[in-house]
Chemist: 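Structure in structure tokens, see below.
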Protein chains: 2
Amino acid sequence: MQALPVQTAELKADQDIVREGDHPTRCCVLLEGLACVYKLTAEGRRQIMAVQVPGDIPDLQSLHLNTLDNSVGTLTPCRLGFISHDAIRELCRAHPRIGGILWRETLVDAAIFREWMLNLGRREAYGRLAHLLCELVARLRAVGLVQDDTCDLPLTQAELGDILGLSTVHVNRTLQELRAAGLITLRGGSLTVDDWAGLAAAGEFDPAYLHLQPRRT
Amino acid sequence: MQALPVQTAELKADQDIVREGDHPTRCCVLLEGLACVYKLTAEGRRQIMAVQVPGDIPDLQSLHLNTLDNSVGTLTPCRLGFISHDAIRELCRAHPRIGGILWRETLVDAAIFREWMLNLGRREAYGRLAHLLCELVARLRAVGLVQDDTCDLPLTQAELGDILGLSTVHVNRTLQELRAAGLITLRGGSLTVDDWAGLAAAGEFDPAYLHLQPRRT
DNA sequence: CGAATACTTGATTACCTTCAATACGCGTGG
DNA sequence: CCACGCGTATTGAAGGTAATCAAGTATTCG
């Protein structure tokens, strides 16, 4: 897998990597930074469907769906790797197990979508935000980006709103509630979970849907 | 593909086919009726993540994810076919193209999840309901279950609420608005789209995300 | 025909949005 | 070094969408 031809690129924050309607001939692997999958309504309101952390492949679906039905953009400065569809298809043909692993990746993405739907549809702001923070910490931890319950999370409140389907103002007030409850510390792009049990309870967070593998070196 | 060993079963409405936490060893194909993928919050509020129409495979993901992270239940009386994971894996090994087709199916499901997230997060009740109805009609049409802009849609308002993240009462009022606007007729489990352009505009519906194939006989 | 389920309606309340203004933080340039 | 400017965060007030509560009315089905 290391042998794959990869082109790398660096992007600034808030740049599109691919756009809805594109017909990509390659996939991108996020190597560093945070990216997101999003769509816009006709009035220009943005909904972020997924936050991608290093190691994720935001547009792996394009391997089997010609037309992209969402955009992918950076949230922070990012380092990306691009791999052509042809190379991936070749790899899957030569090593069917890798095909299965990639398929599985897309299924885990879908599992996260489902959980987010529960979050959007049935939890109010407080639990919704708590759940999101639990998930992000869990996923960042899985790729080694959390130390002592602290991680970089340089998202603006507007971006959190676009993830949660809330206004910036309400994100601000809800964050204050979480802080007042002693659950988190979030400032300067750094998040610390001060009370994991409390935060998980507030967000009804059960990481089963992430289908995390037991960690391997 | 016809040669696969399939067990069929008939279920009444409102029955679980598989439950969150299960470790299935087979997949189910919906042959007749409507089913749904759902989860419950701790307080027992239900969010429906997907409505399955005949031809869909609600738990195809279980092929690569051992633990099911959602439940699947019937919405109406259903006829189901069950196929063992082993048989499907064997088929994929023998015919890699079928593996790709199944993978694609799961990717289309994910594309629908994304669109629903936009719906839940960024559209208000009127547009949200309009969008849902557009999608259901489009998908039912694709499997030949729509005649003259009319189809069976025996969903209760409570179920529509569980799909849309709305209360039953509000679904009721929003349906009345759609009727008053002359867009739809819905009663007795039968839906007629009286003004497709109007309904699609209300829901900002663009079927691209469904990735429908040009119809084959 | 009666019970159960689904639908409808009105009144009240809660959550969240919007609008508007202010404060803070940080990098740039004078 | 400090002033300025810009983006982000915070705060208050007002308004709107949708939830909840509580009846009451249709339908469906045994």
Chemist: Report the distance from atom CG of B/L166 to atom C1' of C/dC15, rounded to the nearest whole Å.
Modeler: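 It is 14 Å, rounded to the nearest whole Å.
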Chemist: Please determine whether side-chain contact (heavy atoms from CB on, under 4.5 Å) holds for the pair A/L178 and A/L199, giving the CA-CA distance in whole Å, both sets of side-chain angles, and the decisive distance to 0.1 Å.
Modeler: CA-CA 8 Å; A/L178 289 175; A/L199 191 64; 4.3 Å; yes
Chemist: Near DNA chain C, under 4.0 Å by heavy atom, which residues of residues 117-137 of chain B?
Modeler: none
Chemist: Can you find a side-chain donor-acceptor pair between A/R114 and B/N70 that sits under 3.5 Å?
Modeler: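 Note: A/R114 and B/N70 side chains meet the donor-acceptor criterion.
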Chemist: With no hydrogens and no angle check, just 3.5 Å: does a side-chain donor-acceptor pair link B/T192 and B/D149?
Modeler: no
Chemist: In Å, rounded to the nearest 0.5 Å, how long is the span from OG1 of A/T185 to CG of A/L191?
Modeler: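 Atom-to-atom, A/T185:OG1 and A/L191:CG are 8.0 Å apart.
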Chemist: Check every strand shown and say whether B/G165 touches a base, only sugar-phosphate, or nothing at a heavy-atom separation below 4.0 Å.
Modeler: sugar-phosphate
Chemist: Contacts to DNA chain D from residues 35-53 of chain B, heavy-atom cutoff under 4.0 Å, which residues?
Modeler: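 Residues of residues 35-53 of chain B that come under 4.0 Å of DNA chain D are, in numerical order, B/R45.
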Chemist: B/H64: what forms a ring-ring contact (aromatic ring centres under 6.0 Å, His included) with it, not counting sequence neighbours?
Modeler: A/W103
Chemist: Applying ring-ring contact (aromatic ring centres under 6.0 Å, His included), which residue pairs with at least one partner in residues 127-170 of chain B are found, sequence neighbours left out?
Modeler: B/H131-B/F205, B/H131-B/Y209
Chemist: Any protein N or O atoms within reach of nucleotides 6-9 of chain C? Criterion: under 3.5 Å, listing atom names and distances.
Modeler:
from  : atom 1 : to     : atom 2 : distance (Å)
C/dC7 : OP2    : B/Q157 : N      : 2.8
C/dT8 : OP2    : B/Q157 : NE2    : 2.6
C/dT8 : OP2    : B/N172 : ND2    : 2.7
C/dT8 : O5'    : B/N172 : ND2    : 3.2
C/dT9 : OP2    : B/Q176 : OE1    : 2.6
C/dT9 : OP2    : B/Q176 : NE2    : 2.8

Chemist: Return the minimal non-hydrogen interatomic distance between A/P154 and A/E159, and the atom names on each side.
Modeler: O-OE1, 4.1 Å
Chemist: Side chains of B/H85 and B/S62 only: does a donor on one sit below 3.5 Å from an acceptor on the other?
Modeler: yes
Chemist: Rounded to whole Å, how long is the line connecting atom NE2 of A/H170 with atom P of D/dT10?
Modeler: 14 Å
Chemist: Do you know the tightest heavy-atom contact between A/C28 and A/I17?
Modeler: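 Closest heavy-atom pair between A/C28 and A/I17: SG-CG2, 3.9 Å.
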Chemist: Would you give me the side-chain donor-acceptor pairs under 3.5 Å for residues 29-39 of chain A, sequence neighbours excluded?
Modeler:
from  : atom 1 : to     : atom 2 : distance (Å)
A/E32 : OE1    : A/R79  : NE     : 3.1
A/E32 : OE1    : A/R79  : NH2    : 3.3
A/Y38 : OH     : A/D16  : OD1    : 2.5
A/Y38 : OH     : A/D16  : OD2    : 3.1
A/K39 : NZ     : A/D69  : O      : 3.3
A/K39 : NZ     : B/E115 : OE1    : 2.4

Chemist: Do any pairs count as a salt bridge (charged side-chain N to carboxylate O under 4.0 Å, His left out) and have a residue in residues 43-55 of chain B, sequence neighbours left out, and if so which ones?
Modeler: B/R46-B/D162
Chemist: Using a 4.0 Å heavy-atom cut-off, write out nucleotides 25-30 of chain D from 5' to 3' as B (base contacted by protein), S (sugar-phosphate only) or - (no contact).
Modeler: ------
Chemist: Between the opening five pairs and the closing five pairs of the helix from C/dC1-D/dG30 to C/dG30-D/dC1, how far apart are the helix axes, to 10°?
Modeler: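 End-to-end axis angle: 40°.
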Chemist: With a 4.0 Å cut-off, would you call B/R179 and B/D194 a salt bridge?
Modeler: no
Chemist: Pairs in or reaching into residues 109-128 of chain B: which pass ring-ring contact (aromatic ring centres under 6.0 Å, His included), with residues at least two apart or in two chains?
Modeler: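 Those involving residues 109-128 of chain B do not exist here.
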Chemist: Atom CD of B/E177 to atom C1' of D/dA18: distance rounded to whole Å?
Modeler: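 Result: 11 Å.
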Chemist: A/E124: what forms a side-chain hydrogen bond (donor to acceptor under 3.5 Å, both in side chains) with it, not counting sequence neighbours?
Modeler: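 Expected list: none.
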Chemist: Quick one: side chain to side chain contact (heavy atoms under 4.5 Å, CB included) partners of A/Q7, sequence neighbours excluded?
Modeler: A/R26, A/F82
